[in-house]
Participant: 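I have a structure here, written as structure tokens, and I will follow up with some questions on it.
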Amino acid sequence: MVSLPIYMDHHATTPTDPRVVDSMQPFFSTKFGNPASRHHAFGWEARDAVDRARVQVSRLVGCDAREIVFTSGATESNNLAIKGCLKSVSRPARIVTVTTEHRAVLDPCRQLENEGVCVTYVRPREDGLVDVKEIEKALTPETVLLSVMTANNEIGVLQPIAELSALAHSHSVLFHTDATQAVGKIPFSSRALDVDLVSLTSHKIYGPKGVGALCIRRRRPRIQIKPMLDGGGHENGLRSGTLNVPAIVGFGYAAELCMAEMTEETARIQTLRDHLWRGLSAGLSGLQINGSMERRLPQNLNFSVAGVDGEALLLGLDDVALSSGAACTSVQPEPSHVLLSLGLSERLAVASVRFGLGRWNTVEEVDYVIEKVRRLVCRLREMSQA
Ligand SMILES: Cc1ncc(COP(=O)(O)O)c(C=O)c1O
């Protein structure tokens, strides 16, 4: 027996691991100090906890603990990276990015465009991967920053980060990656990939919401970032404001758990994901995978269903939490900008579904979903032909 509803939307957010919740508890009660209080034990205790979390997060990202700046999440980290970089240069500047980035990258770029910065948005190939040569063509002498996400939040494709950072550096351009969907799910090392700026967030790795980090390279070269908040000068002056200690502690412990369990967990989830796809594609015709299947997060499946109405599909899957290829930002659902960039028609983009499998999904749940989707799609197709 499976318990309903089934959660398969782990790219949207992950449940907070109960072990993480336990690690946070004391910091709401007895250990309530402010890490900026330098003259008493309450402050020192909080400071030690934040320092520990900084080390835990830095190990997951593969950087030095001193390179971690705690933020409120990946949206803030991306804003700090992109605006902070561009506002620290005083010459005409350009950013190069990709049309399939998350809005937390695209919107700060658009905002900078309003302020006179030039932005080039490169379209990926049909499989969602960027063509490194196309990126190279877009780099001009005034380019300051190249920003390309590690793993796409909708189609899960994994961009060639090492190649892109090498390309950026060969043109004296800084390289930022929004690694929100990759860190904690697949091995990642900022140092090995030679990345200058990395954004991540806690709530995608079974930690609490409202906390994240930006990893900023300290040496060779030291990256100049203009802070967005003025205030008490916390986080080396880069992010003023009293630190959210319980959330930071939880984020740190969530990172440590991912480090310890990633290899086994990822293999298990990949087996479930492959079982899901085999079961669905064996029982139904007209399913089309969106994005490269080979270079993809093991937790992700995104496909379109030909011959059905997208809204009816989602409404019919009422006891399975997943995402559609439509963003409900208006009364009329908008087709996903990622799927349109891959060349899908609006109709097919809206009739797409994204599964994000996670820590507690089981094979029984996957079997339930296979049967549910199969029956629903058959019924919808019969109805549309009647
Ligand atoms: C790729 C990517 N970047 C940024 C974000 C925003 O993260 P946060 O919710 O921590 O601001 C998300 C969350 O959906 C994401 O998937």
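The residues of the chain are indexed from 1 along the displayed sequence. Hydrogens, waters and symmetry mates play no part in the numbers below; they use all other heavy atoms, side chains included. In each ligand, atom 1 is the first atom listed, and ligand 1 is the first ligand listed.
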Participant: N/O of H11 under 3.5 Å from N/O of ligand 1, yes or no?
Facilitator: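 By distance alone, the answer is no.
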Participant: Should E154 and N290 count as side-chain neighbours, where that means a heavy-atom distance under 4.5 Å?
Facilitator: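 Not in contact.
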Participant: Give me the residue, atom name and distance of the protein heavy atom closest to atom 10 (O) of ligand 1.
Facilitator: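 Checked against all protein heavy atoms, atom 10 (O) of ligand 1 sits closest to T201 OG1, 2.7 Å.
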Participant: Atom 16 (O) of ligand 1: which protein heavy atom is closest, and how many Å away?
Facilitator: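 Among all protein heavy atoms, the one nearest atom 16 (O) of ligand 1 is Q181 NE2, 2.7 Å.
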Participant: According to the interplanar angle, ranging from 0 to 90°, do the rings of F70 and F251 count as parallel (below 30°), tilted (30 to 60°) or perpendicular (above 60°)?
Facilitator: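 The rings of F70 and F251 stand perpendicular, inter-plane angle above 60°.
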Participant: Checking T120 against R94 for the side-chain hydrogen bond (donor to acceptor under 3.5 Å, both in side chains) test, could you report, in this order, the C-alpha distance in whole Å, the side-chain angles of both residues, the deciding distance, and whether it holds?
Facilitator: CA-CA 8 Å; T120 306; R94 175 180 296 276; 2.7 Å; yes
Participant: So, are K372 and D319 salt-bridged, with charged N and O less than 4.0 Å apart?
Facilitator: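 Yes, K372 and D319 are salt-bridged.
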Participant: Examine S72 against ligand 1 and note whether any of their N/O atoms are separated by less than 3.5 Å.
Facilitator: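 There is no such contact.
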Participant: Is K185 paired with E265 through a side-chain N to carboxylate O contact shorter than 4.0 Å?
Facilitator: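 Salt bridge flag = no for K185 with E265.
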Participant: Compute the minimum heavy-atom distance from H203 to ligand 1 and say whether it is under 4.0 Å.
Facilitator: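 For ligand 1, residue contact (heavy atoms, under 4.0 Å) with H203 is present.
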Participant: Which protein heavy atom lies closest to atom 7 (O) of ligand 1, and at what distance to 0.1 Å?
Facilitator: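 I find the closest protein heavy atom is A74 CB, 3.3 Å.
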Participant: So which heavy atom in the protein is nearest atom 14 (O) of ligand 1, and how far is it from that ligand atom?
Facilitator: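 Scanning the protein heavy atoms, the shortest distance from atom 14 (O) of ligand 1 goes to K204 NZ, 2.7 Å.
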Participant: Check whether any side-chain heavy atom of W360 lies under 4.5 Å from a side-chain heavy atom of Y7, and answer yes or no.
Facilitator: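 Contact flag for W360/Y7 side chains = no.
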Participant: For G73, take its heavy atoms, then give the atoms of ligand 1 lying under 4.0 Å from any of them.
Facilitator: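 By the 4.0 Å cutoff, the relevant atoms are 10 (O).
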Participant: If I apply the N/O under 3.5 Å rule, does N153 come out as touching ligand 1?
Facilitator: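 No, no N or O pair falls under 3.5 Å.
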Participant: Hey, is E101 one of the residues with a heavy atom under 4.0 angstrom from ligand 1?
Facilitator: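 No heavy atom of E101 comes that close to ligand 1.
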Participant: Considering only non-hydrogen protein atoms, determine which one is nearest to atom 15 (C) of ligand 1 and report residue, atom name and distance to 0.1 Å.
Facilitator: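 Going by distance alone, atom 15 (C) of ligand 1 is nearest to H102 CD2, 3.3 Å.
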Participant: If you apply the rule side-chain hydrogen bond (donor to acceptor under 3.5 Å, both in side chains), what do you find for Q181 with H11, and how did you get there?
Facilitator: CA-CA 7 Å; Q181 295 286 350; H11 298 305; 3.1 Å; yes
Participant: Using a 4.5 Å cut-off on heavy atoms from C-beta on, say whether the side chain of F42 contacts that of N34.
Facilitator: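 SC-SC contact between N34 and F42 ruled out.
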Participant: Look at atom 11 (O) of ligand 1 and say which protein heavy atom is nearest, naming residue and atom and giving the distance to 0.1 Å.
Facilitator: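 It is T75 OG1, 2.5 Å.
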Participant: Is it the case that ligand 1 has an N or O less than 3.5 angstrom from some N or O of M149?
Facilitator: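 No.
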Participant: Taking the side chain as every heavy atom from C-beta outward, state whether Q299 and T266 have any pair of such atoms under 4.5 Å apart.
Facilitator: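 Yes - at least one pair of side-chain heavy atoms lies under 4.5 Å apart.
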Participant: What protein heavy atom sits nearest atom 3 (N) of ligand 1, and how far away is it?
Facilitator: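 Nearest protein contact, heavy atoms only, for atom 3 (N) of ligand 1 is D178 OD2, 2.6 Å.
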